[in-house]
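As structure tokens, the structure follows; a few thoughts come after it.
Bear in mind that the values here come from a model prediction, so they are computed numbers and not experimental data.
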Amino acid sequence: MLVKGLPSLSCNIDCPIFFSSDRSKNLGQATFPCKPSFMFLNGRRRLEPKMTTGRLRVLDIDDLRTEALCRHILERHRDTITVKKQDFALRKLKVIITAALELSNLKGFQVMSLRDLSSASGVSMGGLYAYFDTKDTLLKMILSEVTDAVQRTLSTPPPEVCGDPEAHLNWLIDAHVRMTEEMLPWFTFSFMEAKNFPRAARQKAIDSEELTERYIADVLNTGIASHVFRRDTSPLLAALIKPLLQDWYVKRAKYQRRAVPIDTYISTVQTLVLSACLEKPDTGVGAVSRSQDTSA
């Protein structure tokens, strides 16, 4: 059964592989600790319990840091930001955005005033208005950058996974968790504050969430069509994977208390998801009987 209700997103086969820097703390290394080996039974690939491990460095972590995100914002809003010196504008915008995210996560974006932001950032009220005219404009800047970061990251899988739905699905899970790890304040803001956003901004947050779901659904549909994933894979699976990805940053304190490393969380989600869509080995009399019928 195909995953319906979401438009397809094509895979960019010619996408480059990005390598993380030494200071990325391995956030740019994709983990495939649960890639199964397979047996073939009755001509169909089936999941075998034996597991192998592998790593693939695929994320440009530097592009997900606050300075790079602010640079994207400056480029997108070049016509409305009145500060002309780019280096100065970037430094100040980084200070402003960092303060806005910290204040919002402490007291809520709705409660935060521009005067609060001015005090926390050390930027005068006039200085703030050089970057945005209202708090709603600041909100749009942040949410648009979160959506764009999701699109930049998840739309460019490495060529090695594009032809393999299972590897591609594993990569999407890994890349999303590592992306949110690096952009933690941004994603926490988007999720926790969404209920208080104005309607247009709330829709932008919803669009960002659905974008991830579409990438997952597209890979699941490809896997079902190519018989890598089971035909009876639930059409709800893509929607159910998204909360598992969100849990890493939404319930951060829980995983810190339990000392759960990011690699362990990723591999656990990958195993759980694959168990819901990959073929499982048949055992017992039924499997033997079908094998004999096929041989005959």
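T147 and S144 share no side-chain donor-acceptor pair at under 3.5 Å. A donor and an acceptor atom, one from each side chain of D116 and S113, are located under 3.5 Å apart.
In this structure, H72 and D148 have side chains that are not in contact, with every pair of non-hydrogen atoms separated by 4.5 Å or more. Between I216 and I173 there is no side-chain heavy-atom pair separated by less than 4.5 Å. A heavy-atom distance below 4.5 Å is found between the side chains of W186 and E145. Side chains of V273 and V269 form a contact here, defined as non-hydrogen atoms less than 4.5 Å apart. Proximity of T137 to K140: side-chain heavy atoms (C-beta onward) are nowhere separated by under 4.5 Å. Two residues are said to be in side-chain contact when any heavy atoms from C-beta on lie closer than 4.5 Å; K94 and R71 fail this criterion. Contact of the V83 side chain with the K92 side chain is not registered, since no non-hydrogen atoms from C-beta on lie closer than 4.5 Å. Looking at E209 and V150, their side chains never come closer than 4.5 Å, going by heavy atoms from C-beta outward.
When all heavy atoms are compared, the tightest approach of Y131 to I96 is CD1-CD1, 3.7 Å. Nearest heavy atoms, C277 versus L169: SG-CD2, 4.2 Å. Contact record, L278 with R230: O-NH1, 2.5 Å, taken as the closest heavy-atom pair. Contact record, V260 with W248: O-CH2, 3.5 Å, taken as the closest heavy-atom pair. Across all their heavy atoms, F132 and M141 have their closest contact at CB-CE, 4.2 Å. Between P165 and S226, the shortest heavy-atom contact is CG-OG, 3.8 Å.
Taking CD1 from I266 and OG1 from T271, the interatomic distance works out to 11.5 Å, rounded to the nearest 0.5 Å. Atoms OH and CE, on Y249 and M179 in that order, are 8.5 Å from each other to the nearest 0.5 Å. Here K242 contributes atom NZ and Y215 contributes atom OH; the two are 12.0 Å apart, rounded to the nearest 0.5 Å. Interatomic distance, L244 CG to H176 NE2, rounded to the nearest 0.5 Å: 11.5 Å. Distance check: E102 CD to K107 NZ gives 13.0 Å after rounding to the nearest 0.5 Å. The CG atom of L154 sits 8.5 Å away from atom NE2 of H168, with the distance rounded to the nearest 0.5 Å.
Judged purely by atom type and a 3.5 angstrom limit, S118 has no side-chain atom pairing as donor or acceptor with the backbone of L114. Between the side chain of Q270 and the main chain of N170, a donor-acceptor pair closer than 3.5 Å is present. Between the side chain of N105 and the backbone N or O of L101, at least one donor-acceptor pair lies under 3.5 Å.
Using a 4.5 Å cut-off between side-chain heavy atoms of Ile, Leu, Val, Met, Phe, Trp and Tyr, with links allowed through other members, L74 and F88 fall into the same hydrophobic cluster. One hydrophobic cluster holds both M125 and L139 under the rule that ILVMFWY side chains link at heavy-atom gaps under 4.5 Å. There is no path of hydrophobic side-chain contacts, each under 4.5 Å, that joins V95 to F189.
With respect to R178 and D263, a salt bridge is recorded, a charged nitrogen being found less than 4.0 Å from a carboxylate O. R152 has no carboxylate O lying under 4.0 Å from a charged side-chain N of D60, or vice versa, which leaves the two without a salt bridge.
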Residue pair L117, L138: steps toward the side-chain contact (heavy atoms from CB on, under 4.5 Å) verdict: CA-CA 11 Å; L117 181 57; L138 172 61; 3.8 Å; yes
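Ring planes of Y255 and Y265: perpendicular class, angle over 60° (limits at 30 and 60°).
Counted within 6.0 Å of NZ on K135, heavy atoms from surrounding residues, nucleotides or ligands total more than 12; the atom is thus considered enclosed.
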